[in-house]
Structures are given as structure tokens and as C-alpha cells.
Enquirer: 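To start, I am sharing the structure in question, which I have written as C-alpha cells.
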Protein chains: 2
Amino acid sequence: MLKLTKKADYGLMALKYLAEHPEMPALSAKDVADAYGIPAQLLAKILQQLTKSGLLRSHAGMNGGYALARDAREISAFEVILSIDGPFFITSCTKGKTGCELTPSCTIKEPLARVNETIAGVLKSISIQDLAEHESPAPRAKESQQLVSLNR
Amino acid sequence: MLKLTKKADYGLMALKYLAEHPEMPALSAKDVADAYGIPAQLLAKILQQLTKSGLLRSHAGMNGGYALARDAREISAFEVILSIDGPFFITSCTKGKTGCELTPSCTIKEPLARVNETIAGVLKSISIQDLAEHESPAPRAKESQQLVSLNR
DNA sequence: TGTAATTCCGACAGAAACGGTCGTATACTG
DNA sequence: CAGTATACGACCGTTTCTGTCGGAATTACA
């Protein structure tokens, strides 16, 4: 759980790829898909979605394709994920404006909202640019793996 | 996306409930389920899982039920979620030990591993106790809602 | 000893989400 | 007009999630 969908991954990869090729006025969905071995049609839909959200600019016809709508530094991972996976947020409760419908009780979400905020913050702090130059900040995270799995 | 499963929610709620009733030597799955309107059988399985992971102690028979295995301060949300939802972690890639199978390319996961770490850290910093006394630390997070939804 | 309460556990079913494909319409280039 | 692309909706198979059912083992208590 708590993992991104493949779509979101694909989206991030695609944007990263675009950021790495600023010389190209546009890259087609197929170009990017081939570069990573992603199903082309699926990626196409993802890029269309990102275009609708204003993160990309598209251009049909020959030599058409997609390009970043803004500087890679100005596009956050948060926006990409939000665009593709939709509004998410930790608690199953948090739907729309009204809290939990069933429970008068779901006091859980209050502290969890902070977690939410933190995650969103981290995601917002990471730009496509950071992904492209993938030796960004931070201490490598060698032992980020205490996912030793109690079970499953 | 990025949201907890209902099971994890239920699990957290249940532990919180147990933490709020330290006077009881044990509470049955049904007790907790009724308190929140959660399907009893489902909650039962969740509590069994938490028991297997060592977060709860169970006792069968009349007046049996579940109790926290440790002090509520010593049980983190991280452990609960890990127990119920299993090892998760951001990138779809990160499976087992080997990285992405398809892509020689998935350089994305490197920066995202940091995000992962951060999230895990936050989750670990929140104890069941924090949930129980739900006026814990932190600045309320009033405007934690910029989930205005670009789409969907 | 018997009965009720309760955990334990596996199997299964319905529903939703995910990942991916297909077909077609539309737009742009030359 | 022909070719290259995006745009978009419908559909499908698989997996995951949520929840239910049925039965077995355990314990308390009268």
C-alpha cells in the first residue's frame, strides 16, 4: 500500500524524459514510450491527462508531440501525481468536504491529516528537474529499507 | 491514491479504542466493531493479523478479546499499517530486492526513495497514544486542503 | 460436563480499481 | 490529399479490496 500507480510512475518518467531533452520542441508519446518500454497507448492517455491539467503542452500533426508547459523546476511531483491519480490523501475517510459518513467517531483522521500534509509537502518540494538530474540533494538513503515485512 | 486501505483505518481505530480503554483487560472484536459500526468479522481478521504481528495480545473464550501488547506510546502507526497493508513504498518499482525489471531507466525511484523515507519517518513518529489523545502536537492543519482536484 | 463467548482460519464472492488495448475522430504538416 | 499525431471513449482481463460464511479450537463459568 501507499504506493504510486504505474500510471503515475509513467507520468513522472515521461516528464523527466522531456526535461532531459529540452532541445526538442516536442516529443511524441511513442518516442517516450519506446525510450522506457512503456505501452505507447497507455502513456498517450497519461500525457493527455497531464495536458488537460496544464502541465504539458501538446501539438498534433507531424512533428507534433508533447512539451513541458513550464520550466522543469516549476513542476512538482505533487502536481503530476495529483493529475494522474486524482486527489488521494491518507484516510479513506477524507472524501469531499464531509468527513466520515458512518462514524461519528473517526477522530483518527485528525492526526493523520498532519501526515497527509507532510507527504504533500515533500512531494511538492520535488520538481521534475530534481528527477532529471537524479543526483539531487539528500543523503542517498541507503538504508531506507526497514520494510523487512512482518508478514505477507 | 496514496490512501490507506479501510482495513488499515479500521486497525488504527481499533487500537485507538483499546488505548482509550486501558481499564479493560480485554475487548472483543465485536465490542470494537459495534463502537464504530465496522463489520465485526472483518475487524476480527484485522485484529488477528495485528496479533500475529505482535501488536496485540489475544485471549480466547468468554470475556476474552484483545489488548495492546505494549504501551500505546510504543506502538506506531507505521507498524500498524505495515502489519495490515504489508510492505508498501512509493514506487511501483521497489519490489523485493531487485529494482525495476523492465526499465534500465527507472532513475525516478532514487529521489522518490527519499520521499518514502520521509513518509515512513512521519508514520513512525505517530503513536497510538497520539491518536487516542487526539489533540496531539502540531498546528491544526486547517488549510491542509489544497486537494482542489484538477480533475477526476 | 455442557454451553456460551470468543478467537482462529480458510475459502469465497461481489465490487472496485488498475493496466492495458482498440477503434475512431480530430487536428496539423507538407 | 496523405501521413503523423493527439484526443477520447468503450471495453476487457486481472488484481486488490471489502466483506461474508462456515467451521474449528479455546476458555470461562454455571
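So you know, we letter chains A, B, ... as the sequences are listed, proteins then strands, and number each from 1. Computed from a prediction, not measured in an experiment: that's the story for all the values here.
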Enquirer: Kindly compute the distance separating CD (A/Gln129) from CG (A/Asp71), expressed to the nearest 0.5 Å.
Expert: 6.5 Å
Enquirer: Using whole Å, what does the distance between atom C1' of nucleotide C/dT7 and atom CZ of B/Arg57 come to?
Expert: 16 Å
Enquirer: In Å and rounded to the nearest 0.5 Å, what is the CG to CG distance from A/Leu27 to A/Leu56?
Expert: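 Rounded to the nearest 0.5 Å, the CG-CG separation comes out at 10.5 Å.
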Enquirer: Tell me, for nucleotides 2-9 of chain D in 5' to 3' order, what letter each nucleotide earns: B for a base near a protein heavy atom under 4.0 Å, S for only sugar-phosphate near one, - for neither?
Expert: -BBSSBB-
Enquirer: Ignoring backbone atoms, test whether B/Tyr10 places a side-chain nitrogen or oxygen under 4.0 Å from the OP1 or OP2 oxygen of D/dG19.
Expert: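 It does, given that an N or O in the side chain of B/Tyr10 lies less than 4.0 Å from OP1 or OP2 of D/dG19.
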Enquirer: State which residue, out of A/Ile75, A/Leu82, A/Ile81, fulfils the side-chain contact (heavy atoms from CB on, under 4.5 Å) condition with A/Glu79.
Expert: A/Ile75
Enquirer: Starting at atom CG of A/Leu42, determine the distance to atom C1' of C/dC22, rounded to an integer number of angstrom.
Expert: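 Computing the A/Leu42:CG to C/dC22:C1' distance gives 13 Å.
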Enquirer: Using atom NZ of B/Lys6 as one end and atom C1' of C/dA17 as the other, report the distance to the nearest whole Å.
Expert: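 These atoms are roughly 13 Å apart.
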Enquirer: With side chain to side chain donor-acceptor pair (under 3.5 Å) as the rule and sequence neighbours excluded, what pairs involving residues 58-69 of chain B come up?
Expert: none
Enquirer: What is the distance, rounded to the nearest whole Å, between atom CD of B/Gln49 and atom C1' of D/dT18?
Expert: 16 Å
Enquirer: Calculate the interatomic distance between B/Lys3 atom NZ and C/dA16 atom P; express it in whole Å.
Expert: 13 Å
Enquirer: Supply the atom-to-atom distance B/Ile84 CD1 to B/Lys45 NZ, rounded to the nearest 0.5 angstrom.
Expert: 12.5 Å
Enquirer: To the nearest 0.5 Å, what is the distance between CG (B/Leu15) and CG (B/Leu47)?
Expert: 7.5 Å
